[in-house]
Amino acid sequence: MSSSNVRAPKGTADMLPEVARAWEHVTRTAEAIFSRYGYQPIYTPIFEHTDVFVRGIGEATDIVGKEMYTFEDKGGRSITLRPEGTASVVRAALEHGLTVNGQGCKLYYSGPMFRYERPQAGRMRQFWQIGVEALGMAEPTIDAEVIVALMEFFAAVGIPRDRMRLLINSMGDERCRPAYREKVASFIRENASDLCEECVRRAETNPLRAFDCKNPGCASVMSRAPLLRDEMCDDCAAHYAAVKSLLDDVGVIYEEDTSLVRGLDYYTRTVFEVQAEGLGAQNAIGGGGRYDRLMEMYGGQPTPGLGFALGFERTLLAMRAAGIDVPVPPSAEVFVARVAPEVAGDAFAVVTRLREAGIAADMDHQGRSLKAQFKLADRLGARFVVIAGPDELAAGQVTVRDMASATESRVALADAARELGSRLHDR
RNA sequence: GUGGGUGUAGCUCAGUUGGUUAGAGCGUCGGACUGUGGCUCCGAAGGUCGCGGGUUCGAGCCCCGUCACCCACCCCA
């Protein structure tokens, strides 16, 4: 407990070294995998004009309606801290003509997102996402590719496949969805007496969302609602069938879930979500879908697109629940111990030379006793301790102690870096 | 926004029907070994008992308020 009242704001957390290391490990893993799939990095601003999210995500959504960090800047502009990554990436792609003349474009991003929500397990006001977006590509192979990439990522960070579920669904497009939407809306009105208030209200705003109402009564009523599967236009049906068949061909196991309805308005056709065990109520570690109309909503040429986002904190929870440890590199391979204060300068020179030679080396800066320096060296995981003492320095030497075998030898000062370098690589 | 739970050392937690100087383990620092780690032993530092008020001779413990955190609803990654 801190003795001070200074605290990080509600819903934010400091990433202390252990978690920060995990974030770096996870981002590096994502980077390695997604770049192998042909995706390139992009960084967009952490804030945007509010309109980018209102138009992209949709006025009626919870995110836009009640979760955004919006403020007016000193120039009188309405600015919003990004609540998700897709809207920004698509805006950037349009602004810089990344998809003109039908060019395709595959991008990945990572960074913090902001949503004003009540924090709970796996849900923070500032949280970290990694995502990919594939723009300008309409064919079902890219839908399958994106899903395969996401599943490969989770496998690569060590989450066992049997602790995850991949859910997929199709939401249709502008030709079949409006009519279907109306059918669901009338179904809700007909069954209003058996549904919760919220769902009845949804008939007017966003009827499809009634499908993921967790109220058991609603769920059972909605299970009798008309399914898009039966109302889909031929093109959507063919696209969805193709995606499933491609996944089957490469051996990706998935479950079709007709109640899977994303809460962002821009989704069309393919949507998917990955859930993991052991996280508490917020069990979706990744999710995404196709958004073929989004570029037009920003005034661009019709440009298909799709992508996903994965939540870092939730991924980490899933990794921990599965007993996965993030590899910890040793803080120092070599520790340079200084016998007396008078030779601190010599010790510093040795550490510097070791570091220049590419060796992870460290020394004490707190005036510790020699014994305490050894304890520190041990804690840091150093394989060798270089002892810089007046005796050996007088002879232009240094003592090298192998911590595992507890054997020591004298080495000429000039040879220390080369000698240690080769001994470190020997094992 | 609505519920429920929890706030005692850096961390994880004890604290008996209110009773005197609030404890343990881990961690940190020091010593046993004055130029040598891991094990062991000894010692030390470290606490506005979340905060404010009330009851009482007396409050970490009881009451009221407040804040923070956690979990769930909702929603999403």
Side-chain angles (χ1 to χ4, degrees), chain A residues 1-13 16 18 57 61-67 83-86 110 112-131 150 154 196-199 202 206 209 212-215 260-264 267 271-276 279-289 307-318 335 337-340 343 366-393 399-408:
Chain A
M1 209 52 38
S2 170
S3 59
S4 148
N5 287 319
V6 180
R7 293 204 182 113
K10 190 184 190 72
T12 68
L16 298 180
E18 191 194 344
I57 300 169
T61 63
D62 279 11
I63 294 179
V64 171
K66 47 189 193 192
E67 296 173 3
E84 59 109 45
T86 301
S110 64
M113 307 293 163
F114 307 84
R115 266 127 87 161
Y116 190 88
E117 294 183 276
R118 202 68 183 268
Q120 73 184 78
R123 190 171 76 184
M124 301 290 283
R125 288 181 175 180
Q126 177 180 94
F127 59 101
W128 297 68
Q129 287 191 332
I130 301 173
L150 179 60
F154 287 130
C196 72
E197 235 173 81
E198 178 69 13
C199 283
R202 279 171 174 149
N206 197 345
R209 287 261 303 287
D212 54 19
C213 182
K214 278 171 188 156
N215 184 319
L260 180 63
V261 179
R262 309 263 82 202
L264 292 81
Y267 284 119
V271 291
F272 52 94
E273 178 170 304
V274 180
Q275 302 179 346
L279 308 204
Q282 306 300 326
N283 65 350
I285 55 177
F308 63 71
L310 62 95
F312 165 67
E313 291 84 352
R314 292 184 189 179
T315 298
L316 193 59
L317 289 173
F335 189 90
R338 158 235 65 184
V339 173
V343 293
Q366 297 179 93
R368 285 176 217 258
S369 67
L370 184 64
K371 177 200 241 339
Q373 291 179 67
F374 268 88
K375 285 188 176 176
L376 181 58
D378 196 54
R379 204 164 59 233
L380 296 177
R383 293 209 334 232
F384 297 99
V385 170
V386 169
I387 303 158
D391 298 353
E392 42 271 83
L393 285 167
T399 299
V400 172
R401 179 181 178 90
D402 181 320
M403 293 295 272
S405 65
T407 54
E408 296 184 358

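Every chain is numbered from 1 and lettered A, B, ... according to where its sequence line falls, protein lines coming before strand lines. Quantities reported herein were computed from a predicted structural model and do not represent experimental measurements.
With rounding to the nearest 0.5 angstrom, the CZ atom of A:F114 is 9.0 Å from the CZ atom of A:F127. Here the NZ atom belonging to A:K10 is positioned 10.5 Å from the CE atom belonging to A:M124, to the nearest 0.5 angstrom. Atom CD of residue A:Q373 and atom CD of residue A:Q366 lie 10.5 Å apart, to the nearest 0.5 angstrom.
At the heavy-atom level, A:R368 lies under 4.0 Å from the strands shown only through sugar-phosphate atoms. Residue-level contact check: A:G122 touches the bases, meaning some heavy atom is under 4.0 Å from a base atom. Counting non-hydrogen atoms under 4.0 angstrom, A:I387 reaches a base of the nucleic acid. Residue A:Q366 is classed as having no contact, given no heavy-atom separation below 4.0 Å to the nucleic acid. Note on A:A121: only backbone sugar-phosphate atoms sit closer than 4.0 angstrom, heavy atoms only; bases stay farther off.
The pairing partner recorded for B:A22 is none, the criterion being a Watson-Crick or G-U wobble arrangement whose two distances lie under 3.5 angstrom. If you check B:U6 for Watson-Crick or wobble pairing at under 3.5 angstrom, you find it paired to B:A68. Remark: B:U28 base-pairs with B:A44; criterion is Watson-Crick or G-U wobble with both hydrogen-bond distances under 3.5 Å. Base-pair partner of B:C74: not found among the strands shown (Watson-Crick or G-U wobble, both distances under 3.5 Å). Figure legend. B:A14 is base-paired to no nucleotide; pairs are counted as Watson-Crick or G-U wobble with both atom distances under 3.5 Å.
Computed from coordinates, the A:K66 NZ to B:C73 C1' distance equals 11 Å when rounded to whole Å. Spacing between atom CG of A:L16 and atom C1' of B:G10 amounts to 12 Å, rounded to whole angstrom units. The distance between atom CG of A:L260 and atom C1' of B:A77, rounded to the nearest whole Å, is 13 Å. Atom CD1 in A:I63 sits roughly 16 Å away from atom P in B:C74 (whole-Å rounding). Going from atom CG of A:L370 over to atom P of B:G31 covers 11 Å, rounded to whole Å. In this structure, the CD atom of A:E67 is 13 Å from the P atom of B:G1, given to the nearest Å. When the P atom of B:C74 is taken as reference, atom CZ of A:R115 falls 16 Å away, rounded to whole Å. Taking atom CZ of A:R125 as the reference point, atom C1' of B:C70 lies 14 Å away to the nearest angstrom.
For the residue pair A:E392 and A:T399, a side-chain donor N or O sits within less than 3.5 Å of a side-chain acceptor on the partner.
Within 3.5 Å, a donor on the side chain of A:E408 pairs with an acceptor on the base of B:U36, or the reverse. For A:R123 against B:C74, a side-chain-to-base donor-acceptor contact under 3.5 Å is present.
Comparing the P positions of B:C69 and B:U8 gives a spacing of 14 Å, expressed to the nearest Å. Between B:C57 and B:G18, the two P atoms lie 16 Å apart (nearest whole Å). Nucleotides B:C49 and B:G10, compared at atom P, are 13 Å apart to the nearest Å. Annotation: B:G52 and B:U34 have their P atoms spaced 49 Å apart (nearest Å). The gap from the P atom of B:U20 to that of B:U28 amounts to 33 Å, rounded to the nearest Å. With both ends at atom P, the span from B:C29 to B:C74 equals 49 Å, rounded to whole Å. Taking atom P in both B:A24 and B:A14, one finds a spacing of 16 Å when rounded to whole Å. When the P atom is compared between B:A72 and B:A44, the two are found 44 Å apart, to the nearest whole Å.
For A:P119, the side-chain atoms get nearest to B:C70 when compared with the rest of B:C70, B:G35, B:C73. Of the listed nucleotides (B:U36, B:A77, B:C76), B:C76 has the atom at the smallest distance from the side chain of A:Q282. Taking the side chain of A:E117 as heavy atoms from C-beta on, and the options B:A77, B:G35, B:A68, the nearest nucleotide is B:A77. Residue A:R118 places its side chain closer to B:C73 than to any other of B:A77, B:C73, B:C29. Which of B:C73, B:U28, B:A68 sits closest to the side chain of A:R7 comes down to B:A68.
Listed by chain and residue number, A:I159, A:A276, A:L279, A:I285 satisfy the side chain to side chain contact (heavy atoms under 4.5 Å, CB included) test with A:A318 (two or more places apart in sequence, or in another chain).
At least one donor-acceptor pair under 3.5 Å links the side chain of A:R314 to the backbone N or O of A:G122. No side-chain donor-acceptor contact under 3.5 Å links A:R383 to the backbone of A:A404. Side chain of A:E84 to backbone of A:M113: no donor-acceptor contact under 3.5 angstrom is found.
Taking every heavy atom of residues 309-317 of chain A and every atom of RNA chain B, pairs under 4.0 Å involve A:A309, A:G311, A:R314, by number.
In this structure, the side chains of A:V274 and A:F308 stay at 4.5 Å or more apart for every pair of heavy atoms.
Distances shown here put every side-chain N or O of A:K10 at or beyond 4.0 Å from the OP1 or OP2 atom of B:A68. Here A:Q120 reaches the OP1 or OP2 of B:C73: one of its side-chain N or O atoms lies under 4.0 Å away.
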Got a list of protein N/O to nucleotides 38-42 of chain B N/O distances below 3.5 Å?
residue: B:G38; atom: O4'; partner: A:D378; partner atom: OD2; Å: 3.2

